[in-house]
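Comments concern the structure below.
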Amino acid sequence: MLKKLARLFTIKTRFEAALITYAIALGAVMRGQAYAQQFPGALGTFLFLACLGVVFLAGAKLFDAVRPAPPAIRQGPWRSPARLHRSPALRRRHRRRATDRRARVAAPIAANRH
């Protein structure tokens with residue numbers, strides 16, 4: 001039961017991380033305004049900026065902790081995973097067909113040269 005309850009408080013997506021960062025930012029601005037009123041001048045401004053700096057640090061940490069899902073389809077110059085894991089028998093059969101095809105194409109070309 002505790003695991004189900006803990007799962008509610010787990011950040012799973014980048015959208016959830018953005019919402020939490022927004023909530024932290026609202027709280028930080030409110031706290032910064034209170035500091036600016038309580039300590040007028042440079043000290044209040046410094047404390048206000050410190051509150052905003054915490055938002056940047058916390059937001060970056062949240063976004064780093066939540067990784068995007070891997071793409072469903074791989075793209076790139078490499079071979080597809082299905083071709084990498086062929087059985088040796090399938091590879092031999094494929095190789096045999098390729099050599100038979102080459103022989104069939106090369107035979108008429110050689111006959112026309114004479």
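Partners of Leu5 by side-chain contact (heavy atoms from CB on, under 4.5 Å), not counting sequence neighbours, listed by chain and number: Leu8, Phe9.
Within a 6.0 Å sphere centred on NZ of Lys4, other residues, nucleotides and ligands contribute 12 heavy atoms or fewer.
Cluster partners of Leu57: none. The rule joins Ile, Leu, Val, Met, Phe, Trp and Tyr whenever side-chain heavy atoms lie under 4.5 Å apart, and it links nothing here. Grouped by direct or indirect side-chain proximity (heavy atoms under 4.5 Å, Ile/Leu/Val/Met/Phe/Trp/Tyr only), Val54 sits alone. Taking Ile, Leu, Val, Met, Phe, Trp and Tyr as hydrophobic and joining them when side-chain heavy atoms fall under 4.5 Å apart, one finds Phe63 isolated, its cluster having no other members.
Across every non-hydrogen atom of Lys12 and Val66, the tightest pair is O-CG1, 3.4 Å.
Distance check, rounded to the nearest 0.5 Å: CD1 of Ile20 to CG of Leu62 gives 6.0 Å.
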For a quick test of your reading: what N or O donor-acceptor pairs under 3.5 Å do the side chains of residues 24-45 make, sequence neighbours left out?
| from | atom 1 | to | atom 2 | distance (Å) |
| --- | --- | --- | --- | --- |
| Thr45 | OG1 | Gly41 | O | 3.1 |

